[in-house]
Protein chains: 2
Amino acid sequence: MKTFSIGEVAKELNLTAYTLRYYDKEGLMPFIERTASGTRLFKESDISALKIIECLKSSGMPIKEIKNFIDWCSEGDSTLQQRYDMFMERKAIVKAQMAELKKTMEIIEHKCFYYKSALDAGTEDVHKDAKIEIPMPN
Amino acid sequence: MKTFSIGEVAKELNLTAYTLRYYDKEGLMPFIERTASGTRLFKESDISALKIIECLKSSGMPIKEIKNFIDWCSEGDSTLQQRYDMFMERKAIVKAQMAELKKTMEIIEHKCFYYKSALDAGTEDVHKDAKIEIPMPN
DNA sequence: CTAAGCCTTATAGTTAACTCTAGGTCAAGT
DNA sequence: ACTTGACCTAGAGTTAACTATAAGGCTTAG
């Protein structure tokens, strides 16, 4: 079976080797095998697992909680319910993040218009109101 | 004009007074007035400005960059272009974040199905493949 | 007139997630 | 044989964004 070095995996996942060793130290990678001399050997399935870890990370999950999940994976079928619940909870969290980000986007887009028209007029005074801009109720 | 104490503003924005003082120390609030004895007096327009700061923060902008923006605001019309450019850049960044979050959501939803069916079957073995689950190319 | 409950400053501590350094091992190429 | 470069560990350092503490000052209700 083909294996990969820590450097290759780091490049593929846009991480550094430092970061991968840090994850390993934090217990996120109990499944990585080693050569006799201690070098980590990453399999395709390890890279897939790392992608899940990246997914959880980008959903805002802290590393210690990701470790819980990894531990549950090692414990087998008795933890299926926990893992299901965890992903359902993540789903709700990501949904809320999407809503939040949408609101953020709306304000930013409003600001783009605001500065576009100020720029066209040559002065911010076209928006009569306070200097540091009201979020515009309209 | 009605003003608010730091505690009132903190409550309204779901921040702590510590955080607001920290922002002030970092130069994010050069516009806040004080009483003779030094207590901060927040106006409605200050709260609006703080909402913009929160918006930029939730777009992932670090506090030091937000400070640049606040400084530009104080400098007046000569910085309109920078501010416009900044919001256009933010818009692109938030758009990318939304795309990323959507991908994250898709993986998580897939995992919800994965664990639902494993739970129904009573074992993860229904998904014949590796223990730590492949992101499913389908 | 004093105690509660705000507020103030300066400064120290915390936490997460890296990020790097030092000192060493190992395998491949010249 | 020896050098090069990637790997290893342990542990120290960094950064951002808070978060808390200590010591003290105003204001108002009893």
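Naming: A, B, ... by sequence-line order, numbering from 1 per chain.
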Presence of salt bridge, B:Asp24 and B:Arg21, under 4.0 angstrom: no

Selected nucleotide, minimal atom distance to B:Arg34 side chain, candidates C:dT9, C:dC18, D:dC8: C:dT9

Side chain of B:Ser37 (C-beta onward), nearest among D:dA17, D:dC26, D:dC8: D:dC26

Integer-rounded Å distance: D:dC8 C1' and A:Leu41 CG: 13 Å

Exercise: identify the closest heavy-atom pair between A:Cys112 and B:Lys91: SG-CD, 4.1 Å

Distance, rounded to the nearest Å, where B:Leu56 contributes CG and D:dA16 contributes P: 17 Å

Whole-Å gap separating P (D:dA6) and OH (A:Tyr18): 12 Å

Distance in angstrom units between A:Phe42 CZ and D:dC7 P, rounded: 10 Å

Touch class at under 4.0 angstrom, heavy-atom based, for A:Arg40 against every strand present: sugar-phosphate

Residues touching DNA chain D, which here means a heavy atom under 4.0 Å, drawn from residues 57-66 of chain B: B:Lys57, B:Pro62, B:Ile63, B:Lys64

B:Glu54 bridged to B:Lys57 by N-O distance under 4.0 Å: yes

Trace of the side-chain contact (heavy atoms from CB on, under 4.5 Å) decision for B:Val9 with B:Arg40: CA-CA 11 Å; B:Val9 175; B:Arg40 289 173 188 83; over 6 Å; no

Other residues, nucleotides, ligands: >12 heavy atoms within 6.0 Å of A:Glu33 CD: no

Geometric cation-pi criterion, A:Lys25 with A:Tyr22: 6.0 Å, 45°: no

C:dA17 phosphate, OP1 or OP2, under 4.0 Å from A:Tyr23 side-chain N/O: no

Exercise: do A:Ser45 and A:Ser48 side chains pair donor with acceptor under 3.5 Å: no

Identified stems (criterion: three or more consecutive Watson-Crick or G-U pairs, under 3.5 Å), DNA chain C: C:1-30 with D:1-30

Residue list, ring pair (Phe, Tyr, Trp, His ring centres under 6.0 Å) with B:Phe87, at least two apart or on another chain: A:Tyr115, B:Phe69

Rounded distance (Å) that lies between atom C1' of D:dT9 and atom CE of A:Met29: 15 Å

Student check: side-chain heavy atoms of B:Met86 and B:Leu56 closer than 4.5 Å: yes

Whole angstrom value for the distance that separates C1' of C:dG13 from OH of B:Tyr22: 14 Å

Pairs where residues 92-101 of chain B contributes a residue and the test side-chain hydrogen bond (donor to acceptor under 3.5 Å, both in side chains) is met, not counting sequence neighbours: none

Separation of C:dC20 P from A:Leu20 CG (nearest whole Å): 14 Å

Of the listed nucleotides C:dT8, D:dT9, D:dT19, the one nearest the side chain of A:Arg21: D:dT9

B:Lys116 side chain near B:Leu119 side chain, heavy-atom distance below 4.5 Å: no

Heavy atoms from other residues, nucleotides or ligands near CD of B:Glu8 exceed 12 (cutoff 6.0 Å): yes

Within residues 1-17 of chain A, residues whose heavy atoms come under 4.0 Å of DNA chain D: A:Ser5, A:Ile6, A:Gly7

Distance, rounded to the nearest Å, where B:Lys25 contributes NZ and D:dT19 contributes C1': 10 Å

Members of residues 92-101 of chain B that approach DNA chain C, where some heavy atom sits under 4.0 Å away: none

B:Gln82 side chain near B:Tyr84 side chain, heavy-atom distance below 4.5 Å: no

Pair B:Cys73-A:Glu124, side-chain contact (heavy atoms from CB on, under 4.5 Å): steps then yes or no: CA-CA 10 Å; B:Cys73 291; A:Glu124 211 174 342; 5.8 Å; no

